[in-house]
Amino acid sequence: MISDRVTDALTIRTALPAEADVIADLHVRARATYYRDGLPQDDVDWREAWHASIGRPDGHVLCAVQQGRIVGIASFRTPGGAPADEVKLFQFHVDPGHWRSGIGTALHTACVEEWRAGGKRTAVLDVHTNNRRAQAFYARQGWAPDPENPPAEGDHHLFLRFSVPGE
């Protein structure tokens, strides 16, 4: 659906299956920044998980590429049981060495364009409670706490909702 989008030497495009290893490495580096005691052992093979996400016919993985290097990733799809006009942003990461450079905003804009083109009206996500940087980013993009999913006692995730703007 998305064609290559180039902005100031930044290209946002659909990820390729051969890029799953690079994407998994970026994901782990970004994720490690918000766990104070290091990444928890979760028995997830992230390389395989990203390979599967890239290959899903019902999902999308976008990557932001700068100077030939993947510097940002986003994965989204409509989860089973959700309304057809809802999309979930499952993963959204920018390489920590490129934070605050506009990559996240450009990648988010590309996601919103893709959602709008696909007829999505609402987007949802969950963000780790210790990831204050990401929470602030999402708030700047227009995300707000999801009234249908208030925080549960002891949960380590906040649930956010975004209204996809129309044409």
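- Side-chain contact check for Asp95 versus Arg29: some heavy-atom pair is nearer than 4.5 Å.
- The two residues Trp115 and Ala123 make their nearest non-hydrogen contact at CZ3-CB, 3.6 Å.
- Leu10 and Ala64 get closest at one heavy-atom pair: CD1-CB, 3.9 Å.
- Residues Ile23 and Ala15 approach most closely at CD1-CB, 3.7 Å, considering heavy atoms.
- Arg100 contributes atom CZ, which lies 9.5 Å from atom CZ of Arg133 (distance to the nearest 0.5 angstrom).
- For the pair Ile73 and Leu62, the minimum side-chain heavy-atom distance is 4.5 Å or more.
- Here the shortest heavy-atom pairing between Val94 and Ala30 reads O-CB, 3.9 Å.
- For the atom pair NE2 (His60) and CG (Leu89), the distance works out to 12.5 Å, reported to the nearest 0.5 Å.
- A 4.5 Å side-chain heavy-atom check between Arg47 and Asp25 finds at least one atom pair inside the cut-off.
- Linking Ile, Leu, Val, Met, Phe, Trp and Tyr whenever their side-chain heavy atoms come within less than 4.5 Å leaves Leu16 and Leu107 in two separate clusters.
- The closest side-chain heavy-atom distance from Leu160 to Asp146 is not below 4.5 Å.
- One hydrophobic cluster holds both Val127 and Val87 under the rule that ILVMFWY side chains link at heavy-atom gaps under 4.5 Å.
- Connection of Phe90 to Trp46 is not established within any shared hydrophobic cluster, with ILVMFWY side chains joined at heavy-atom distances below 4.5 Å, either directly or through further cluster members.
- His98 NE2: more than 12 foreign heavy atoms inside a 6.0 Å radius.
- Minimum heavy-atom separation, Gly119 to Asp85: O-CB, 3.7 Å.
- Looking at Lys88 and Asp126, their side chains come closer than 4.5 Å, going by heavy atoms from C-beta outward.
- Residues that satisfy the side chain to side chain donor-acceptor pair (under 3.5 Å) test with His108, not counting sequence neighbours, are Trp143.
- Applying the side chain to side chain donor-acceptor pair (under 3.5 Å) criterion to Glu19, with sequence neighbours excluded, gives Arg13.
- Under the 3.5 Å distance criterion, the side-chain polar atoms of Gln141 are left unmatched by any main-chain donor or acceptor of Thr109.
- Formation of a donor-acceptor pair under 3.5 Å by the Arg116 side chain with backbone atoms of Pro165 is found in this model.
- Residues passing the side chain to side chain donor-acceptor pair (under 3.5 Å) test with Thr78, sequence neighbours excluded: Lys120.
- Classified by interplanar angle (parallel below 30°, tilted 30° to 60°, perpendicular above 60°), the ring pair His157/His128 is perpendicular.
- Among residue pairs with one or both ends in residues 52-62, those qualifying as salt bridge (Lys or Arg N to Asp or Glu O under 4.0 Å) are Arg56-Asp58; sequence neighbours excluded.
- No side-chain heavy atom of Trp50 sits less than 4.5 Å from a side-chain heavy atom of Leu26.
- Counting non-hydrogen atoms of neighbouring residues, nucleotides and ligands closer than 6.0 angstrom, the CZ atom of Arg121 reaches no more than 12 such neighbours.
- Qualifying ring-ring contact (aromatic ring centres under 6.0 Å, His included) partners for Phe137, counting only residues two or more places apart in sequence or in other chains: Phe92.
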| message | Pair Phe162, Val112 - check side-chain contact (heavy atoms from CB on, under 4.5 Å), show working. | response | CA-CA 10 Å; Phe162 176 83; Val112 172; 3.7 Å; yes

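- Shown here are the side chain to side chain donor-acceptor pair (under 3.5 Å) partners of Arg140, two or more places apart in sequence or in another chain: there are none.
- The two residues Ile54 and Pro17 make their nearest non-hydrogen contact at CG2-N, 3.6 Å.
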